[in-house]
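Here is how names work: the chains are called A, B, and so on, in the same order as the sequence lines, proteins then strands, and each is numbered from 1. All heavy atoms count here, side chains included; hydrogens, waters and symmetry mates do not.
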Amino acid sequence: MPTDATRPYTASELLAVSSARALKDGQIVFAGVGVPLLAATLAQRTHAPGLTILFEGGVIGPFVQPGALPPSTNEQRCARRANMLTPITDVLLLLQRGYVDVGFMGGAQIDRYGNLNSSFIGDPDAPKTRLPGTGGGNDIASLAEIIVAMKHEKRRFVEKVDFVTSPGYLSGGDSRARAGLPAGGPYKVVTDLAVMGFDPETKRMRVETLQPGVTPEQVQANTGFDLAIARETPSAEPPSADELAILADLDPERLYTA
Amino acid sequence: MPTDATRPYTASELLAVSSARALKDGQIVFAGVGVPLLAATLAQRTHAPGLTILFEGGVIGPFVQPGALPPSTNEQRCARRANMLTPITDVLLLLQRGYVDVGFMGGAQIDRYGNLNSSFIGDPDAPKTRLPGTGGGNDIASLAEIIVAMKHEKRRFVEKVDFVTSPGYLSGGDSRARAGLPAGGPYKVVTDLAVMGFDPETKRMRVETLQPGVTPEQVQANTGFDLAIARETPSAEPPSADELAILADLDPERLYTA
Amino acid sequence: MAPTPYLELRERTKARDRSLRDKRMSLEEAAALIADGEHVALGGCTASRTPFAMIWALVRAGRRDLKVSRSIVSTEGDILYASGVSRHIMTSWFSQGIVWGVSKVMRAHVESGRATLEEWSHMAMGLRYRAGAMGAPFMPMRAMLGSGVLGRVEGAKPMECPFTGEPLLLVPALNPDVALIHVQRCDAYGNAQIDGLSFMDVDIAMAANRVIMTTERIVSNDQIRRAPDQTKIGFFTVDAVVEAPFGCAPHECYGVYEPFFPHMDAYAAATGKDPEKGVAEYLDRFYHEPKDWNGYLERIGVGDMLDAARRGRTIHAD
Amino acid sequence: MAPTPYLELRERTKARDRSLRDKRMSLEEAAALIADGEHVALGGCTASRTPFAMIWALVRAGRRDLKVSRSIVSTEGDILYASGVSRHIMTSWFSQGIVWGVSKVMRAHVESGRATLEEWSHMAMGLRYRAGAMGAPFMPMRAMLGSGVLGRVEGAKPMECPFTGEPLLLVPALNPDVALIHVQRCDAYGNAQIDGLSFMDVDIAMAANRVIMTTERIVSNDQIRRAPDQTKIGFFTVDAVVEAPFGCAPHECYGVYEPFFPHMDAYAAATGKDPEKGVAEYLDRFYHEPKDWNGYLERIGVGDMLDAARRGRTIHAD
């Protein structure tokens with residue numbers, strides 16, 4: 001299986017590039033710092049110059065300075081040369097009002113329906129690990145299509161998440177809409193092994209593209225549930241030199257791409 | 001009966017002075033332009049320097065320039081040297097949040113329970129006169145104690161208002177609270193003939209002070225419903241020279257005091 | 001999922017081009033974005049930041065039967081009724097202004113049954129726009145209960161608060177088809193900075209399905225981005241940007257010009273004497289005869305323009 | 001009328017001195033306005049505009065068992081748990097920050113059951129404050145439904161929308177006993193102008209029953225009144241004004257200083273290695289040993305202060 005040691009880019013760079021490619025010009029994108037911000041900025045600099053970035057701190061259309069990436073979505077570096085700043089609640093209400101096309105998400109665990117856990121490992125009443133919690137994640141996942149970018153590990157791709165912090169398709173089918181979430185839902189799951197989508201009927205996760213050099217067997221072996229992988233699944237183009245150069249320009253100290 | 005011709009101040013000046021005297025230092029007061037603004041500013045310059053004026057256009061703590069009185073509560077003259085400007089909805093929400101002590105009101109008609117009509121004369125479905133409507137009046141009357149300042153005429157002080165634009169005590173007793181308005185309500189009705197309050201139980205209007213030179217009989221004769229007037233009702237002090245001088249300074253062209 | 005009002009609102013929003021792009025166009029092009037019968041919300045309040053340039057363009061374009069909503073309506077309501085652009089105005093108060101008194105033109109149209117004046121409380125108007133802006137179906141409020149105002153409107157629902165048992169009124173969201181908003185400055189993308197009183201404009205822009213922004217002047221996006229905390233309406237809500245200097249005349253634009261008082265006095269006098277004839281002559285003279293917006297301003301007169309602008313600047317003169 | 005939550009809220013508000021008056025006092029005097037067990041809401045978000053000077057004063061005053069709420073909690077949450085000032089924090093996210101990862105101090109306190117971390121969605125926190133600010137008992141929203149987060153909180157009520165039949169969640173108003181807010185500048189009366197990101201501060205100030213405002217500098221009321229549209233929090237909500245330069249250190253204050261990154265790195269390293277010992281030593285060194293707030297800043301160090309301030313100014317340097 002390819003690793004950071006055997007390919008000319010890191011897993012984080014691969015996540016950023018694949019995520020960027022999943023974005024379309026003109027979209028309004030809720031991004032966190034780290035890989036999501038790199039992905040959205042990379043998209044702006046390649047095929048999506050009219051893409052707008054939102055930060056949950058209350059930032060609309062920022063222009064992040066290369067080499068001065070923000071430590072969170074709530075500090076002044078996020079606000080730098082933005083088009084507009086709003087209270088937090090109002091930028092989140094853009095999700096509810098339907099203005100946001102895509103939200104970026106991560107999580108400690110994900111299941112076959114795209115449900116995400118960033119709150120508890122183990123029993124929530126007596127957790128092995130108390131994680132930071134939802135932040136804006138629950139709101140984003142409830143009200144927009146989401147792209148999940150994370151490392152592909154069996155302990156993260158689990159049969160059932162310990163806790164649903166941010167709803168995916170819940171138990172599949174129309175269960176999400178029935179729970180009161182008629183809009184949005186998981187759109188893509190981008191990992192260092194594959195890019196996955198969801199079956200339109202069952203809402204189960206399925207592989208759409210393999211990352212370069214990765215086999216279907218390797219994807220399945222690193223997934224804690226049965227994953228639909230068609231025999232003829234295509235492989236993605238590796239990150240181009242241009243894409244990697246842009247990422248290096250944005251994050252020269254490799255804070256988020258190491 | 002005293003008239004503008006027989007006393008050294010106009011009815012409007014008398015309304016402004018009596019209304020000003022009904023205000024207390026430290027209060028937050030919703031004022032319209034005209035007599036209410038003159039009254040609130042007069043109070044600030046006499047006994048209530050810590051009184052705060054609000055305008056429904058979204059103005060908190062303005063300092064109105066003498067001789068440049070605003071034409072409505074929504075133009076920049078209202079905003080002049082204010083402490084804070086807010087959206088309209090937010091200044092109105094101060095009423096709902098409970099920040100406002102007193103609101104000034106007027107109206108075409110008032111009844112014995114302090115209900116005010118500024119919408120229709122005649123049948124609302126086929127009105128003889130369509131009046132401007134509630135504006136912020138309904139909100140102020142629903143959510144704060146109000147001081148009503150108006151000319152005392154039989155056609156205005158009616159047995160039953162043609163339409164309840166701004167609720168007073170509705171049909172008296174606890175009917176206001178039962179309708180969903182547990183707070184606020186009419187506090188004083190200030191006219192050129194008397195200053196009236198409301199019985200704490202029945203919520204019927206009653207005369208508290210007679211304007212200088214006015215008899216109880218004159219008040220009743222100009223009122224379209226039975227008004228409680230105690231035999232020993234005191235008379236108010238006439239406007240002082242100081243009070244009149246301040247009003248003249250504020251409105252030298254007598255736009256609102258003629 | 002069957003289409004619900006919420007999903008339909010989202011679909012309309014999703015279908016819009018919300019990207020950072022140049023949206024400059026003429027008044028006439030912007031007027032063509034509005035169809036007969038649509039719900040048009042007006043920014044500003046009474047005689048402040050009234051989007052008169054766009055109203056002028058709608059009259060000229062012969063638009064009909066718009067349902068118009070605004071916080072408080074002044075002389076633009078007369079124009080809308082008398083021109084036939086609207087026969088239904090939803091607001092909390094309709095009068096030229098305290099100093100001029102009730103509108104005789106409004107009275108003529110409403111008392112004769114030719115037009116509807118739908119009256120909500122001021123806060124109810126604000127909370128209806130705010131609910132629309134938030135993508136919420138309603139807002140709870142504590143006024144209008146017990147009044148005749150509540151009895152004459154459709155769509156407000158009293159409820160018992162499920163948390164406290166207290167009586168509440170739920171007022172339904174307003175999501176206008178179009179919002180017309182005039183600002184002191186915005187960029188070509190529609191990022192707008194409003195000085196002074198913002199009225200209900202921020203909520204109206206967010207609630208609407210389309211926004212047409214007129215502006216005293218168009219500034220660079222660079223200028224906007226030097227003070228992003230001053231942007232009150234974001235580009236993504238805006239569909240058209242029209243530079244229209246003195247675009248609120250004869251009303252005011254905070255910090256730029258005060259109301260054109262002599263003009264407003266003359267209008268009140270003319271329509272006070274004979275509302276129908278007064279407003280018809282006014283429409284001819286200021287709306288139909290001028291060949292363009294500058295022609296309208298010429299009829300108002302340079303003297304009045306300079307006087308209003310001199311008074312407008314005094315807010316900054318302390 | 002029996003006292004309802006709404007009437008009680010109004011009574012508390014009415015009992016406050018809301019007049020325009022000088023409210024300046026010391027950190028210590030302000031800390032005395034807060035009682036053990038009260039609900040204290042913190043302004044700012046993560047490492048921005050955290051009211052650290054007041055938190056420092058609360059630790060020094062030995063305040064106990066405050067229920068603390070904030071949009072997102074960073075290292076101030078560690079301090080509150082470890083000092084005993086709070087054993088119950090309500091927020092949407094608790095971490096020193098993305099680059100430093102999950103708080104080991106929080107984990108130690110929560111996983112051992114010594115403290116509670118009550119988790120709501122970010123928007124739910126915002127709408128709960130907003131409902132409180134509006135004097136409304138709840139706000140309707142469309143997130144949290146279907147999630148585990150909803151299952152673990154008390155007081156949110158799913159409902160069927162009476163207008164559209166759609167599923168909704170009603171989240172209850174939060175009216176904190178006290179709000180602690182730090183701003184770039186305000187006057188002696190409490191009129192506050194916030195530059196840049198305002199987070200949930202405006203709603204929190206309006207929702208709270210008391211507001212303690214710390215500020216980088218106190219300016220004249222005249223200066224405030226030259227730009228009243230910049231006033232974000234009005235004097236009438238404010239009960240105490242404390243001038244506290246660098247009052248967010250080691251967090252940031254927009255346009256004045258960025259986070260004290262070397263200090264934050266050192267804190268993360270110390271508490272990462274041994275959370276209990278690391279934070280105890282940190283409390284001694286920065287909270288208990290200095291004789292006053294300037295002593296706290298001296299321990300942080302002039303070099304770090306100047307470095308953070310230099311980086312803070314760059315937002316204005318384009």
Colleague: Heavy-atom distance under 4.5 Å to chain D: side chain of B/L143, backbone, both or neither?
Modeller: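 Both parts, heavy atoms under 4.5 Å.
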Colleague: Relative to chain B, which segment of D/D229 carries a heavy atom at a distance below 4.5 Å: side chain, backbone, both, or neither?
Modeller: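 Contact with chain B involves both backbone and side-chain atoms of D/D229.
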Colleague: Should the heavy atoms of other residues, nucleotides or ligands under 6.0 Å from CD of D/E8 be counted, would the total exceed 12?
Modeller: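 Yes, the 6.0 Å shell around CD holds more than 12 heavy atoms from other groups.
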Colleague: For a side-chain contact (heavy atoms from CB on, under 4.5 Å) with B/R81, tell me which candidate from D/I224, D/D222, D/N221 qualifies.
Modeller: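 Among D/I224, D/D222, D/N221, the one that satisfies the side-chain contact (heavy atoms from CB on, under 4.5 Å) with B/R81 is D/D222.
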Colleague: Sort by residue number and list every member of residues 49-56 of chain B having a non-hydrogen atom under 4.5 Å from chain D.
Modeller: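 Residues of residues 49-56 of chain B touching chain D at under 4.5 Å: B/G50, B/T52.
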Colleague: If every non-hydrogen atom of B/A79 is compared with every non-hydrogen atom of D/P228, which pair is closest and at what distance?
Modeller: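 Answer, listing the atom of B/A79 first, then D/P228: O-CG, 4.1 Å.
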Colleague: Of all the residues in residues 230-248 of chain D, which have a heavy atom that comes within less than 4.5 Å of a heavy atom in chain B?
Modeller: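 Residues in range: D/T231, D/K232, D/I233, D/G234, D/F235, D/F236, D/T237.
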Colleague: Heavy-atom distance under 4.5 Å between the side chains of D/M206 and B/D90, does that happen here?
Modeller: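 They are not in side-chain contact.
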Colleague: Got a sec: does the CD of B/E201 have more than 12 other heavy atoms crowding it under 6.0 Å?
Modeller: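 Incorrect, the count does not exceed 12.
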Colleague: Heavy-atom distance under 4.5 Å to chain D: side chain of B/D174, backbone, both or neither?
Modeller: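 Neither; nothing under 4.5 Å.
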Colleague: Between D/R16, D/R10, D/K14, D/R18, which is the residue that forms a side chain to side chain donor-acceptor pair (under 3.5 Å) with B/Y99?
Modeller: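 Single side chain to side chain donor-acceptor pair (under 3.5 Å) partner of B/Y99 among D/R16, D/R10, D/K14, D/R18: D/R16.
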Colleague: Please identify, among B/I60, B/T89, B/T86, the residue contributing the most non-hydrogen atom pairs under 4.5 Å to chain D.
Modeller: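 Top count of heavy-atom pairs under 4.5 Å with chain D: B/I60.
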Colleague: Which answer fits D/A227, side chain, backbone, both or neither, if we ask what part of it has an atom under 4.5 Å from a heavy atom of chain B?
Modeller: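 No part of D/A227 comes within 4.5 Å of chain B.
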Colleague: Taking every non-hydrogen pair under 4.5 Å, which of B/V100, B/L94, B/D25 racks up the most with chain D?
Modeller: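 The residue among B/V100, B/L94, B/D25 with the greatest pair count is B/L94.
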Colleague: What are the two closest non-hydrogen atoms of B/G98 and D/T13, and how far apart are they?
Modeller: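 Closest pair (atom of B/G98, atom of D/T13, distance): O-CG2, 3.4 Å.
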